[in-house]
Amino acid sequence: MDWYSIVKFLHVVSAILWVGGGFVLFLLGVLAERAGNIENKLLAIRASGQLGGRFFAPMSMLTLVFGLIMCGFWVGFADLWIVIGLVGYATTFSIGMLIFKPTGERMGAMIAEQGVTPAALSIGQRMMNWARLDYAVMLVIIADMVLKPTLHDVGILAGMAMMVALGAALAFGGNRQMVPSAA
């Protein structure tokens, strides 16, 4: 076995843990949202916040580091799919650090101080909306890493752009409100 294969394996494993783990929590939040279950939705959001800095951020950084090592030693940085992957990573990392982290901390503080209020639920909903866009970008990154498009792959590139547009539409196009179910 060569070093490239080892680094690629570590890159893929860290990406699976980062994207897969976060996707499970996102899916739990969506299912709770659709069921009108505020408590389970808040549990999913709270778990995402607790794992964000301790697990997801380190896994995303390892994914980046192993990817940069592969590019630096073997692949290079000139291919379009590398550029798309790096832009996608920067986008999702920025959403995590600039949106999820401070918003989750603010929501947690509000709930600790005032309990579950409409304002806290509204903050949680904003996080869920951003998560829709975040996971659309992550799906594009995954497709990008597998398909490795060039400028000639117009269909693939158009599909990737449509995925981001769909994620943005799902995130910000509708007015979802999390209200208690009448049980």
Side-chain angles (χ1 to χ4, degrees), residues 14-64 84-146 158-183:
S14 57
I16 288 169
L17 293 172
W18 167 38
V19 177
F23 186 75
V24 168
L25 290 174
F26 169 69
L27 186 59
L28 289 173
V30 169
L31 292 173
E33 179 178 79
R34 287 188 177 168
N37 189 326
I38 294 172
E39 187 175 315
N40 283 352
K41 181 179 175 182
L42 290 175
L43 283 172
I45 292 170
R46 198 172 296 133
S48 295
Q50 291 171 343
L51 291 172
R54 294 185 193 123
F55 182 75
F56 297 127
M59 287 299 109
S60 77
M61 292 302 293
L62 286 173
T63 302
L64 176 66
I84 291 171
L86 289 171
V87 168
Y89 177 86
T91 301
T92 190
F93 186 81
S94 296
I95 290 171
M97 297 309 290
L98 300 175
I99 306 293
F100 293 153
K101 185 178 185 317
T103 305
E105 289 171 355
R106 187 170 69 242
M107 186 183 83
M110 284 178 79
I111 291 173
E113 183 180 309
Q114 304 165 5
V116 178
T117 64
L121 292 175
S122 177
I123 290 171
Q125 188 58 54
R126 275 183 261 149
M127 286 181 67
M128 287 295 295
N129 290 348
W130 278 100
R132 286 175 171 83
L133 176 60
D134 190 51
Y135 273 94
V137 172
M138 286 191 188
L139 286 174
V140 167
I141 295 169
I142 293 167
D144 179 62
M145 294 291 117
V146 172
M160 294 165 110
M162 287 174 50
M163 176 63 70
V164 172
L166 178 62
L170 288 173
F172 308 111
N175 189 9
R176 290 177 192 81
Q177 294 295 323
M178 184 70 180
V179 293
S181 61

J.: With rounding to the nearest 0.5 Å, note down the distance linking CZ in Arg106 to CD1 in Ile111.
T.: 12.0 Å
J.: Using 0.5 Å steps for rounding, measure from the CE atom of Met59 to the CG atom of Leu62.
T.: 5.0 Å
J.: Could you list the donor-acceptor pairs under 3.5 angstrom formed between side-chain atoms of residues 160-170 and any protein atom two or more places apart in sequence or on another chain?
T.:
none

J.: Extract all donor-acceptor atom pairs below 3.5 Å that involve side chains of residues 84-102 and protein atoms in other chains or at least two apart in sequence.
T.:
{"from": "Tyr89", "atom 1": "OH", "to": "Ser60", "atom 2": "O", "distance (Å)": "3.3"}
{"from": "Tyr89", "atom 1": "OH", "to": "Ser60", "atom 2": "OG", "distance (Å)": "3.4"}
{"from": "Thr91", "atom 1": "OG1", "to": "Val87", "atom 2": "O", "distance (Å)": "2.8"}
{"from": "Thr92", "atom 1": "OG1", "to": "Asp134", "atom 2": "OD1", "distance (Å)": "2.2"}
{"from": "Thr92", "atom 1": "OG1", "to": "Asp134", "atom 2": "OD2", "distance (Å)": "3.3"}
{"from": "Ser94", "atom 1": "OG", "to": "Ala90", "atom 2": "O", "distance (Å)": "2.7"}
{"from": "Lys101", "atom 1": "NZ", "to": "Glu105", "atom 2": "OE2", "distance (Å)": "2.8"}

J.: Rounded to the nearest 0.5 Å, what separation is found between the CD1 atom of Ile45 and the CG atom of Leu121?
T.: 8.5 Å
J.: Can you run down the ring pair (Phe, Tyr, Trp, His ring centres under 6.0 Å) pairs that involve residues 108-133, sequence neighbours left out, and say none if there aren't any?
T.: Trp130-Phe172
J.: So how far is it from Ser14 OG to Met61 CE, rounded to the nearest 0.5 Å?
T.: 11.0 Å
J.: Excluding sequence neighbours, so at least two apart, what forms side-chain contact (heavy atoms from CB on, under 4.5 Å) with Glu113?
T.: none
J.: To the closest 0.5 Å, what do you measure between NZ (Lys41) and CE (Met128)?
T.: 5.5 Å
J.: How close do Pro58 and Gly52 get, counting heavy atoms only, and between which atoms?
T.: CD-O, 4.2 Å
J.: In Å, rounded to the nearest 0.5 Å, how long is the span from CE of Met145 to OG1 of Thr63?
T.: 10.5 Å
J.: List for me each residue that meets side-chain contact (heavy atoms from CB on, under 4.5 Å) alongside Leu51, sequence neighbours excluded, and say none if there are none.
T.: Leu25, Phe55, Phe56
J.: Please identify each residue that fulfils side-chain contact (heavy atoms from CB on, under 4.5 Å) with Leu43, with sequence neighbours left out.
T.: Asn40, Arg46
J.: Please report the C-alpha distance between Val116 and Met110 in whole Å, then the side-chain angles of each, then the deciding distance to 0.1 Å, and finally whether the side chain to side chain contact (heavy atoms under 4.5 Å, CB included) criterion is met.
T.: CA-CA 8 Å; Val116 178; Met110 284 178 79; over 6 Å; no
J.: Is it true that a side-chain atom of Tyr135 and a backbone atom of Phe23 form a donor plus acceptor pair closer than 3.5 Å?
T.: yes
